[in-house]
Amino acid sequence: MPIRQLRIASATPEDVGSALATLRAEIGLPAMYPAEARAEAEAAARGDLKDFRQDRRDIGFVTIDPAGSKDLDQAVHVASSGHGYIVRYAVADTAAFVSPGGALDTEVHRRGVTYYGPDTRSLLYPSVLSEGAASLLPEEDRPVVLWTVSLDSSGEIGSVSVTRAVVRSRARLTYGEAQTALDSGTAPESLVHLADVGRLRQQRERDRGGVSLDVPEQEVVQRADGSFDLELRRTLPVESWNAQISLLTGIAAARLMREAGVGLLRTLPPAQEQDVRRLRRTAAALGIDWPDDVPYGEMLSTVESRRAAHAAFLTEATTLFRGAGYLAFGVPGPGGGARVGLPDDARHAAVGAEYAHVTAPLRRLADRYATEVCLAQSAGRDVPGWVLEALPHLPGTMGAATAREAAFERSCIDIVEAALLAPRVGRRFEAVVVDDGGEPRPDGLRRGEVMLRDPAVRARVQGTELPLGERIKVTLAEASVADRRVLFTAP
């Protein structure tokens, strides 16, 4: 399905802006930072944070992010070791700017994550930090937590160390720039090695039974005139390779925390057998060959999102992975209960390994705490008391924040979809059925979802026949910006 940008015609940007403002109020997104918290952030941004850190400004780090990003959490450098690779991953050191228990810390706990909307963002940390002093902007000295991971020639993890350092990123690359450099043969050696490691780690992921889904995303974009569009954005290869560096670091962090006997893991239960059987039926309905002896992880790695039926299959496959959460262990349970142990298998099913969030501290609260455990274990010292005190409460804090984030993101897209389609009620569109709704309801109707070819909209549909993965004609029955609702009907 081709990508095409469309400008909102009948609904003005003010209409969309009003609906988004109402949504933020309903969900309870935090707005301005309290004055005391802002003052703490501004004071921290002026501090000299180079003392007691390794000086690693000699390493040619670069950041690789979406175009326009300013909250740059990570910078990467990959080198050959002669018999494998050395991955160095510099991650923003948010703990260097936050006093535990202070006004800034309290507000960050209230937020939990950064919320990205099409018109504005609700930042986890004030912009003076998240887009300034703590962000790994190019040609600026920055305090970081430096991960150094050795890999053998097959991409398996060897040694892991983590320490505080100061670095200076050489360049801020977009995914497009990095991919172009790799494709044209002009990429620096470190970027070429990153691609090599990315491919190796993808193979190791498949060996572990892990899954990375290349599902086309609906993305809200704002044009120069203030109007909004929707695009289908498919990932470039370098995005997946770069993501493997983050996954690698999260797996290494989980290893350190298991050794320490205390920490915070990101968990996901295995796919339920009935869900796998349903996905097999979906593959059959879509004409996708899935041999009985092939595990779902291996199967999913062969599917191409560029093909309509495959895109529908991948969208359905996302339902295998439900129930993600955080597990704090080695500390008393909430309310001072018995110490929480770490199960023998606390894997993240999609990663295929034990895994921790440590690579996006500017956008996620949990990363700051998990990182401190790893720093302590790597240095052979005790975990700080302020970390141990907070750990039991973090799963609840992060669970509430991520649920709010998911609801906000979906509703934002609903608003923009409705604005795009409002002038076209009654018109017919070509669409692909991505969810057939299961069994018909008592009224004989199925209620599923379709993906439009033009514009790039995924929306609800109802009809008596919703053949999964097939192209059908649908009629737009309703498009309400205020109600955040779009509904199509099918024969």
Side-chain angles (χ1 to χ4, degrees), residues 33 37 40-41 44-45 47 49 53 61 63-66 69-76 88-100 102 104-116 121-137 140 142-149 162-167 169 242-243 245-254 256-257 263-266 326 328 355-378 383-384 386-387 390-391 393-395 397-398 401-402 405:
Y33 258 81
E40 283 188 12
L49 301 172
R53 292 177 179 271
F61 286 107
T63 59
I64 310 174
D65 292 276
S69 296
K70 296 179 181 178
D71 49 347
L72 309 181
D73 289 286
Q74 321 101 0
V76 63
R88 294 184 176 91
Y89 211 40
V91 180
D93 187 2
T94 51
F97 298 92
V98 181
S99 297
L104 176 59
D105 191 33
T106 299
E107 180 63 16
V108 169
H109 274 260
R110 187 171 76 90
R111 293 169 181 249
V113 298
T114 289
Y115 301 88
Y116 293 93
R121 292 166 296 171
S122 183
L123 298 171
L124 178 60
Y125 292 93
S127 59
V128 68
L129 295 179
S130 61
E131 298 180 347
S135 178
L136 307 188
L137 299 169
E140 297 285 350
R142 289 293 184 260
V144 300
V145 173
L146 177 58
W147 292 83
T148 303
V149 182
V162 56
T163 188
R164 286 194 153 93
V166 57
V167 303
S169 172
N242 193 47
I245 304 299
S246 181
L247 290 171
L248 164 71
T249 307
I251 292 170
L256 288 175
M257 284 188 278
L264 182 70
L265 299 185
R266 181 65 165 165
Y326 289 88
Y355 172 68
H357 276 163
V358 292
T359 62
L362 293 177
R363 293 167 280 170
R364 263 187 328 238
L365 167 66
D367 299 47
R368 172 160 45 109
Y369 291 89
T371 296
E372 290 300 317
V373 176
C374 295
L375 283 164
Q377 175 64 13
S378 187
V383 177
W386 60 270
V387 175
L391 281 178
H393 310 287
L394 282 173
T397 299
M398 293 303 301
T402 53
E405 177 188 29

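Small disclaimer: the values here were computed from a predicted structure and weren't measured.
Nearest approach of Ala253 to Ala356, heavy atoms of both residues: CB-CB, 4.1 Å. Summarising the geometry of Glu107 relative to Ala37, their closest heavy-atom pair is CB-CB, 4.3 Å, with the distance given to 0.1 Å. Among all heavy-atom pairs drawn from Glu372 and Pro384, the shortest one is OE1-CG, 4.2 Å. The nearest pair of heavy atoms linking Phe97 to Ala133 is CZ-O, 3.5 Å. Taking both residues in full, the closest heavy atoms of Ala134 and Leu362 are given as CB-CD2, 3.8 Å, listed atom of the first, atom of the second, then distance. Pairing each heavy atom of Ala90 with each of Val144, the nearest pair is CB-CG2, 4.0 Å.
A distance of 4.5 Å separates OG of Ser122 from CZ of Arg111, quoted to the nearest 0.5 Å. For the atom pair CG of Leu146 and CZ of Arg53, the computed distance is 10.5 Å after rounding to the nearest 0.5 Å. Note that OH of Tyr326 is 6.5 Å distant from OG1 of Thr402, once rounded to the nearest 0.5 Å. Taken to the nearest 0.5 Å, the CZ atom of Arg88 stands 13.0 Å off from the CD1 atom of Ile245. Taking NE2 from His109 and NE2 from His393, the interatomic distance works out to 9.5 Å, rounded to the nearest 0.5 Å. Summarising the geometry, atom CG belonging to Leu264 is positioned 6.0 Å from atom CG belonging to Leu391; distances are rounded to the nearest 0.5 Å.
Looking at Asp105, its side chain never comes within 3.5 Å of a backbone N or O of Val98 through a donor-acceptor pair. With Arg368 contributing its side chain and Val387 its backbone, the two residues share no donor-acceptor pair below 3.5 Å. In this structure, Glu40 contributes its side chain and Leu104 its backbone to a donor-acceptor pair below 3.5 Å. In this structure, Ser246 contributes its side chain and Asn242 its backbone to no donor-acceptor pair below 3.5 Å. For Arg164 (side chain) and Pro143 (main-chain N/O), no donor-acceptor pair under 3.5 Å exists by modelled atom type. Put simply, the side chain of Ser130 never gets that close to the backbone of Asp71: no donor and acceptor are under 3.5 Å apart.
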Go through the steps to decide whether Leu72 and Asp65 satisfy the test side-chain contact (heavy atoms from CB on, under 4.5 Å), and finish with yes or no.
CA-CA 8 Å; Leu72 309 181; Asp65 292 276; 3.5 Å; yes
Apply side-chain contact (heavy atoms from CB on, under 4.5 Å) to the pair Tyr89 and Phe61, showing each step before the final yes or no.
CA-CA 8 Å; Tyr89 211 40; Phe61 286 107; over 6 Å; no
Where do Arg142 and Ser169 land on the side-chain contact (heavy atoms from CB on, under 4.5 Å) test, with the steps shown first?
CA-CA 8 Å; Arg142 289 293 184 260; Ser169 172; over 6 Å; no
Output, in order, the C-alpha distance, side-chain angles, deciding distance and verdict of side-chain contact (heavy atoms from CB on, under 4.5 Å) for Cys374 and Met257.
CA-CA 6 Å; Cys374 295; Met257 284 188 278; 4.0 Å; yes
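Partner of Trp147 under the side chain to side chain contact (heavy atoms under 4.5 Å, CB included) criterion, chosen from Leu256, Leu248, Thr359: Leu256.
The pair Arg363-Glu131 does not count as a salt bridge, with every side-chain nitrogen at least 4.0 angstrom from each carboxylate oxygen.
Inter-residue side-chain proximity for Val76 and Ile64 is flagged as met; some heavy-atom pair is nearer than 4.5 Å. Between Pro361 and Asp73, some side-chain heavy-atom pair lies under the 4.5 Å cut-off. Residues Val145 and Leu375 form a side-chain contact, since some pair of their non-hydrogen atoms from C-beta on lies under 4.5 Å apart.
A cation-pi arrangement is not found for Arg121 relative to Tyr115, the charged atom failing to lie both closer than 6.0 Å to the ring centre and inside a 45° cone about the ring normal.
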